[in-house]
Amino acid sequence: MCHKWSCIRRRLELALACDIRIAEQKAKIGLPETGLAILPGYSGTQRLTQLIGPGRAKKMIFTGAALSADEAYEWGVIEAVVPNGESVNEALALAEQIASKGPLAIKKAKQAITQGLEHTFEEGQAFETQCFADLCQTEDMQEGAKAFKEKRVPTYYGK
């Protein structure tokens with residue numbers, strides 16, 4: 001068991017490192033470190049700012065106030081609010097949906113998104129084009145196109 005302040009902080013900093021965040025309705029989300037005369041670590045200031053912009057990140061960090069799950073959703077800190085007790089089921093359903101897609105395409109899409117955030121628009125677009133070209137050479141792409149044409153569910157092998 002952890003102290004309430006410690007749990008809020010560690011959970012958000014961990015969640016900020018994730019691709020997609022889901023919170024239960026009862027969740028409180030914040031970075032209260034400034035109340036202890038320190039700042040969020042573990043890239044909390046950087047990831048939160050990239051996610052919701054500098055103004056909102058500063059408000060959260062400077063005040064140390066926790067957001068409700070609904071507020072965190074409205075601000076873009078999380079992607080979904082689910083009923084209490086349903087976060088694991090929701091996460092598993094989302095994971096199954098993602099896992100049904102081409103694994104190489106998911107990997108390249110994540111890389112392209114990351115490149116776009118870390119580089120200029122033009123550099124990100126060029127990287128995306130290269131990723132698309134790379135994927136066109138894969139067995140998975142051929143399987144996806146064939147399955148679409150045959151109106152069936154594709155079977156991907158990451159090749």
Side-chain angles (χ1 to χ4, degrees), residues 2 7-25 27-31 33 39-58 60-61 67 69-159:
C2 54
C7 285
I8 290 172
R9 178 183 60 82
R10 283 187 292 195
R11 288 181 183 153
L12 179 55
E13 288 169 344
L14 177 61
L16 289 171
C18 298
D19 293 323
I20 300 169
R21 288 158 299 282
I22 299 168
E24 293 183 2
Q25 187 66 45
K28 297 290 181 198
I29 299 163
L31 295 170
E33 286 87 346
L39 58 84
Y42 308 106
S43 302
T45 61
Q46 303 307 298
R47 288 183 173 132
L48 185 64
T49 302
Q50 284 184 344
L51 192 62
I52 65 173
R56 285 184 167 174
K58 287 175 183 178
M60 281 185 71
I61 293 167
L67 301 176
D70 288 332
E71 290 170 322
Y73 175 78
E74 290 171 19
W75 281 28
V77 177
I78 60 175
E79 283 67 49
V81 178
V82 299
N84 295 333
E86 290 298 315
S87 58
V88 172
N89 292 336
E90 182 71 20
L92 289 172
L94 182 60
E96 287 177 9
Q97 185 179 8
I98 293 168
S100 73
K101 308 304 180 201
L104 298 176
I106 297 295
K107 179 180 178 180
K108 289 287 190 181
K110 183 175 176 175
Q111 290 173 343
I113 292 166
T114 301
Q115 287 285 330
L117 290 171
E118 295 175 353
H119 295 90
T120 67
F121 178 84
E122 292 76 16
E123 291 168 331
Q125 190 175 30
F127 186 75
E128 176 189 274
T129 300
Q130 183 59 55
C131 289
F132 185 88
D134 293 346
L135 290 168
C136 287
Q137 305 300 314
T138 66
E139 291 177 27
D140 280 358
M141 190 285 288
Q142 293 172 11
E143 166 62 12
K146 184 177 179 185
F148 179 79
K149 190 175 181 180
E150 296 172 358
K151 298 182 189 215
R152 63 173 174 80
V153 175
T155 302
Y156 296 117
Y157 295 102
K159 298 179 179 181

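- Minimum interatomic distance between Leu51 and Val77 (heavy atoms only, all atoms of both residues): CD2-O, 3.6 Å.
- For the pair Thr138/Lys108, no side-chain contact is recorded, criterion being any heavy-atom separation below 4.5 Å from C-beta on.
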Working note: Tyr157 + Glu139, criterion side chain to side chain contact (heavy atoms under 4.5 Å, CB included); need CA distance, chi angles, decisive distance, verdict. CA-CA 8 Å; Tyr157 295 102; Glu139 291 177 27; over 6 Å; no
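- The shortest heavy-atom contact between Gly144 and Pro154 is CA-CB, 4.3 Å.
- Among pairs with a residue in residues 72-85, those fulfilling side-chain hydrogen bond (donor to acceptor under 3.5 Å, both in side chains) read Arg21-Glu79, at least two apart in sequence or across chains.
- Side-chain contact check for Glu13 versus Glu33: some heavy-atom pair is nearer than 4.5 Å.
- Listed for the Thr49 side chain is no donor-acceptor partner under 3.5 Å among the backbone atoms of Gln46.
- Partners of Glu123 according to the side chain to side chain donor-acceptor pair (under 3.5 Å) rule, which considers only residues two or more places apart in sequence or in another chain, are Thr120.
- The shortest distance between side-chain heavy atoms of Ile113 and Asp19 does not fall below 4.5 Å.
- A pairwise comparison of heavy atoms in Gln97 and Ser100 identifies O-OG, 2.7 Å as the closest pair.
- A side-chain hydrogen bond (donor to acceptor under 3.5 Å, both in side chains) check over residues 146-156, counting only residues at least two apart or in different chains, returns the pairs Glu143-Arg152, Glu150-Arg152.
- Closest approach of Ala23 and Ile29 over heavy atoms only: CB-CD1, 4.1 Å.
- Once rounded to the nearest 0.5 Å, the distance linking OH of Tyr42 with CG of Leu31 reads 12.5 Å.
- Counting heavy atoms from C-beta outward, Asp134 and Leu104 have side chains that stay 4.5 Å or more apart.
- Partners of Lys101 by salt bridge (Lys or Arg N to Asp or Glu O under 4.0 Å), not counting sequence neighbours: none found.
- The shortest non-hydrogen separation linking Val81 to Ala69 is CG2-O, 3.4 Å.
- Of the inter-residue distances, the one linking Gln125 atom CD with His119 atom NE2 reads 14.5 Å to the nearest 0.5 angstrom.
- Note: Ile106 CD1 to Gln111 CD = 12.0 Å, rounded to the nearest 0.5 Å.
- Taking Asp70 as the reference, nothing meets the salt bridge (Lys or Arg N to Asp or Glu O under 4.0 Å) condition, with sequence neighbours excluded.
- Note that NZ of Lys107 is 10.0 Å distant from SG of Cys131, once rounded to the nearest 0.5 Å.
- Counting only heavy atoms from C-beta outward, the side chains of Arg11 and Leu14 never approach each other to under 4.5 Å.
- Residue pairs meeting the salt bridge (charged side-chain N to carboxylate O under 4.0 Å, His left out) criterion with at least one partner in residues 43-58, sequence neighbours excluded, are absent.
- Separation of atoms CG (Leu48) and CG (Leu16) is listed at 5.5 Å; rounding is to 0.5 Å.
- The distance from the CD atom of Glu71 to the CE atom of Met60 is 9.5 Å, given to the nearest 0.5 Å.
- Pairing each heavy atom of Ile61 with each of Pro40, the nearest pair is CG2-CD, 3.8 Å.
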